[in-house]
Amino acid sequence: MPKSFYITTPLYYVNDQPHIGSSYTTIIADIISMYRRMRGDDVFFLTGTDEHGQKVQQAAEKNGISPMEHCDIYATRFQELWSYFNLSNDDFIRTTESRHVKVVQQVLQMLFDKGEIYKGSYEGWYSVADELFISEKDHEKGNYRDVRRINETNYYFKMSAYQDQLIEYINEHPDFILPVNRKNEILGFLKRPLKDLCISRPKERLAWGIELPFDSAYVTYVWFDALLNYITAMGYLSDDAKFQTYWPAVHLIGKDILTTHCVYWPTMLMAMKIPLPKTVFAHGWWTSEGQKMSKSLGNFIDMEAIQAYCDNVGKDVYRYFMAKEGPLLNDSDFSKERFYQIYNTDLANDFGNLVNRIFKLIKKYYDNKIPLPGDPGKEEQAMKTAADVCQNTIMAHLEKLHVNAIATEAVAYVTSINKYLEKTEPWKLAKTDPDKAATVLYTALASLRFSAALLYPLLPEKMTEFFTMLNNGDTPGTLIDWDGLKSGRELGEMKALFPRFDMKLLDEE
RNA sequence: GGCGAAGUAGCUCAGUUGGUUAGAGCAGCGGAAUCAUAAUCCGCGUGUCCGGGGUUCGAAUCCCUGCUUCGCUACCA
């Protein structure tokens, strides 16, 4: 029985274009999914779009289209980008879909019936112009226009009732909130009394949302609606077998939405009597030229720019770069210099060049056929053992979601193949001891093949090309046996997988 | 203001419970080699481990303090 594994990205809000941040989260989730599948796990990878709420309504009005038309346009942009990168998500959920809306309403009704949701009122300063409640201080400062005192009746979720239970849960489950600094942040947040969560908006203020099943004058607060996607997409209240198989999830999120995922969401689940997510992993942000990315600073990297880099060296390289250099624990800086630098050192110099040297030697001395190895010596045994160690290490990193360590590990193994060649010098042996040269080249190629399999989730297109060149009949995306290289088979046509990028071209851009 | 994290080679960072000459990758310099995409391999870092004080036989690692940066959170003018 394969182990099930459910991983999600946040549902991206359709108020904005996809950008480097959303692409990062989604690509990392894809990479984790692919390694898991490679290992034989039964993976479900979910992403999608969050489509209700005020900002969507306003943006649609501004553009003179309906909210639904607006959502269709933006949801398509996300879908197109994910398909541009060939991501392997098993589903793409939109919160406007009826399968989601229906279940959200059932959940609301259930919680209302159980008394988890109650009607209450709030009096405060409300800015009609900005359509939001403001604090006493903001009102005094006079930062907002058209402010009036209003008393609004709304529905509240008894979030405060779960405060102690949540704190206890976090303390007892060290992997629930990762990395650990985020966990501390939430525990700090929970030192103060939690308030109940207002989960409704009166329709006169906001119409674009899911109607409360027990009061048609209101729609659901957008976060309460959006968070539920993680279970509505997974068959909650619609496909119990599916839900039981995959839930609980690993949620991959950015640090900006930590509170919603580590306070709102778990307390909602507690009220529903559903097990909490296995892990909420909050990564950092990409910076650009050392600063927070912003359109006004002019250092914003949009997806068009990234696609231009991809045109130069291949889409896979962006995946690889995301995985290796991404802001998993801390923020990371994105620069095109670094992007091409990593490409050249890891991919062109280490892997690409290694492919060439091995293939050309085999072509020259063994008629382009994979040579038959003799008995392995000490060095050959070491290469094989190191392959196993490398694979195990990568899988251990995967378990901890330490994606950035995976590339480093795989490349270190590639480097060791280069070292092995330097030590054994098959180009000399070919003339003096052809049998030994055959063993060496076989070993080098077997190791290279193994490394390609390990790199596959990071570079799926490039590694597929490699396996085609190798012509060994391997299935990309599966774990392989080091000894599975078939002597006597003719190598396919060789081409440069990772042509070196001339850094001088950077100045011309 | 409170709470928390961080400050280690030019850059990005590792440094487990305090213990021998503080490490890796990249960049740089020198060399070897020439099978290969001027790629590869080898060699090269005496760095006030942010400053100051303390504990200890011994601290990057523990304690106090100061400075700087960042995060969360609260609040005053």
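Chain identifiers are assigned alphabetically (A, B, ...) following the order of the sequence lines, protein sequences preceding nucleic acid strands; residue numbering begins at 1 within each chain. Quantities reported herein were computed from a predicted structural model and do not represent experimental measurements.
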### Query
Using 4.0 Å as the upper bound for N to carboxylate O, is an ion pair formed by A/Glu422 and A/Arg357?
yes
### Task
Would you classify A/Lys423 as touching base, sugar-phosphate or nothing, given that sugar-phosphate means primed atoms plus P, OP1 and OP2, and contacts are heavy atoms under 4.0 Å?
nothing
### Task
Tell which nucleotide pairs with B/U21, taking only Watson-Crick or G-U wobble pairs whose two distances are both under 3.5 angstrom.
none
### Message
Only pairs with both distances under 3.5 Å count, Watson-Crick or wobble alike; so what is the partner of B/A14 in this structure?
### Response
none
### Task
At under 4.0 Å between heavy atoms, which parts of nucleotides 32-44 of chain B does protein reach? Answer with one letter per nucleotide, 5' to 3': B base, S sugar-phosphate only, - none.
--SBBB-SBSS--
### Separation of B/U73 P from A/Leu194 CG (nearest whole Å)
13 Å
### Ring centroid separation A/Tyr24 to A/Trp286 under 6.0 Å
yes
### Task
For nucleotides B/G25 and B/C42, find the distance between their P atoms and express it as a whole number of Å.
10 Å
### Query
Are the charged groups of A/Lys431 and A/Glu425 less than 4.0 angstrom apart, N to O?
no
### Task
Whole angstrom is fine here: how far is it from CG in A/Leu190 over to P in B/C72?
16 Å
### Task
Please determine if A/Arg182 and A/Glu185 form a salt bridge, counting it only when a charged side-chain N lies under 4.0 Å from a carboxylate O.
yes
### Nucleotide B/G71, atom P - distance to CH2 of A/Trp285 in whole Å
9 Å
### Task
Report the base-pairing partner of B/A59 (Watson-Crick or G-U wobble, both distances below 3.5 angstrom), or none.
none
## Note on the structure
Assign each of A/Glu325 and A/Lys255 the nucleotide of RNA chain B bearing its closest heavy atom; nearer the 5' end lies the nucleotide of A/Glu325
### Task
Specify the separation, in whole Å, of atom CG of A/Asn330 and atom P of B/U12.
12 Å
### Query
In Watson-Crick or G-U wobble terms, both distances under 3.5 Å, what is the partner of B/U46?
none
### Message
Can you check the distance between B/C62 and B/U8, where both ends of the measurement are the P atom (answer in whole Å)?
### Response
16 Å
### Query
Expressed in whole Å, how much space separates the C1' atoms belonging to B/C72 and B/G66?
24 Å
### Query
Quick one: do A/Glu379 and A/Lys384 make a salt bridge, cutoff under 4.0 Å?
no
### Task
Rounded off to whole Å, could you give me the CZ-to-C1' distance for the A/Phe189 and B/G71 pair?
14 Å
#### Entry: Expected output: side-chain A/Asp302 to main-chain A/Glu304 donor-acceptor under 3.5 Å
yes
### Query
B/G58 and B/G18: how far apart are their P atoms, nearest whole angstrom?
15 Å
### Query
Watson-Crick or G-U wobble partner for B/C41, using a 3.5 Å limit on both distances?
B/G31
### Summary
From CD of A/Glu409 across to P of B/A14 the rounded distance in Å is 16 Å
### Task
Look through every strand shown and name the nucleotide pairing with B/C72 as Watson-Crick or G-U wobble, where both distances are under 3.5 Å.
B/G2
### Message
Using atom P in both nucleotides, what's the gap between B/G52 and B/C67 to the nearest angstrom?
### Response
15 Å
#### Entry: Atom pair distance, as rounded to whole Å: CG in A/Leu329 and P in B/G15
10 Å
### Message
When the C1' atoms of B/G71 and B/A14 are compared, how many Å lie between them, rounded to an integer?
### Response
23 Å
### Query
Residues two or more places apart in sequence or in another chain: which of them pass side-chain hydrogen bond (donor to acceptor under 3.5 Å, both in side chains) with A/Glu409?
none
### Query
Can you tell me how far P of B/G2 sits from CD of A/Glu185, to the nearest Å?
19 Å
### Message
Taking only the C1' atom of each, what is the distance from B/A22 to B/G45 in whole angstrom?
### Response
11 Å
### Query
Are any of the side-chain nitrogens in A/Asp333 or A/Arg338 under 4.0 Å away from the carboxylate oxygens of its partner?
no
### C1' spacing across the pair B/U37 / B/C13, given as an integer number of angstrom
29 Å
### Message
Applying side-chain hydrogen bond (donor to acceptor under 3.5 Å, both in side chains), can you list everything that pairs with A/Lys255, at least two apart in sequence or on another chain?
### Response
A/Asp331
